[in-house]
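Everything on this sheet refers to the single structure shown next.
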Amino acid sequence: MKEKGTFEMIYDVVMEIPKGYVASYGQIAELAGNRRWARVVGYALHANPKPGVIPCHRVVTKDGKVSRAFAFGGENRQVELLKEEGVVFCEDRVDMKKCQWSKRRF
DNA sequence: GCCGTGACTTACG
DNA sequence: GCGTAAGCCACGG
């Protein structure tokens, strides 16, 4: 059964993030199959071969903060966009308590 | 085929 | 509680 490429698995997980929710790199990596892919996830999203299809803006650090290197038009722009999605923000951070897609703890 | 880099995470001091 | 260090995998040159 098709072993999808590592990136593909990561993209698949990212695309599964429901609107109004966000996920952390480590979480995605874990859902993708290996939690050590945290860095690969960052790399995969950086590659972002399918902009508009992969909601990379829904991917944040485990602090609920958007990574500094996002800057694909403005880091703050990222936050604003997520707010429009319905994500609850606390200053410049995502309210992981409510909007982390996760099931990671709790 | 090896080395370096990277949008991270976790652990230890 | 904060800062520093190490670990991990994949891609590009």
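Here is the naming used below: chain letters follow the sequence lines, and residue numbers restart at 1 for every chain.
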Rounded distance (Å) that lies between atom [atom2] of [N] and atom [atom1] of [X]:
| X | N | atom1 | atom2 | value |
| --- | --- | --- | --- | --- |
| A/L31 | B/dT9 | CG | P | 13 Å |
| A/D63 | B/dA7 | CG | C1' | 14 Å |
| A/R36 | C/dC11 | CZ | P | 17 Å |
| A/I10 | B/dT9 | CD1 | C1' | 14 Å |

* Asked: Is it the case that more than 12 heavy atoms not belonging to A/K50 sit under 6.0 Å from its NZ atom?
  ->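 It does not: A/K50 NZ has 12 such atoms or fewer within range.
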* Does a side-chain N or O from A/T6 land closer than 4.0 Å to OP1 or OP2 of C/dA10, or not? ->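 Yes, because at least one side-chain N or O of A/T6 sits under 4.0 Å from OP1 or OP2 of C/dA10.
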* Answer yes or no: does a side-chain N or O of A/K62 lie under 4.0 Å from OP1 or OP2 of B/dT10? =>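 Yes.
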* Side-chain heavy-atom pair A/W101, A/L31 within 4.5 angstrom cut-off ->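 A side-chain contact under 4.5 Å exists here.
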* **Contact summary for A/K62 and A/S24, nearest pair of heavy atoms** =>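 The answer is CA-CB, 3.8 Å.
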* From the options B/dT10, C/dA10, B/dA7, select the nucleotide whose nearest atom is closest to the side chain of A/S67. =>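 The nucleotide sitting nearest to the side chain is B/dA7.
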* Compare the minimum distances between each of B/dA7, C/dA10, B/dC8 and the side chain of A/C56, then state the nucleotide with the smallest one. =>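 Of the options given, the side chain of A/C56 lies nearest B/dA7.
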* For A/F7, what residues pass the ring-ring contact (aromatic ring centres under 6.0 Å, His included) criterion, not counting sequence neighbours? ->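 Result, ring-ring contact (aromatic ring centres under 6.0 Å, His included) vs A/F7: A/Y11.
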* Report yes if a donor N or O on one partner sits less than 3.5 Å from an acceptor N or O on the other, where the partners are the side chain of A/R39 and the base of B/dG6; otherwise report no. =>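 Yes.
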* Do the side chain of A/Y25 and the base of B/dA7 come within less than 3.5 angstrom through a donor-acceptor pair of N or O atoms? ->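 Yes, the side chain and the base share a sub-3.5 Å donor-acceptor pair.
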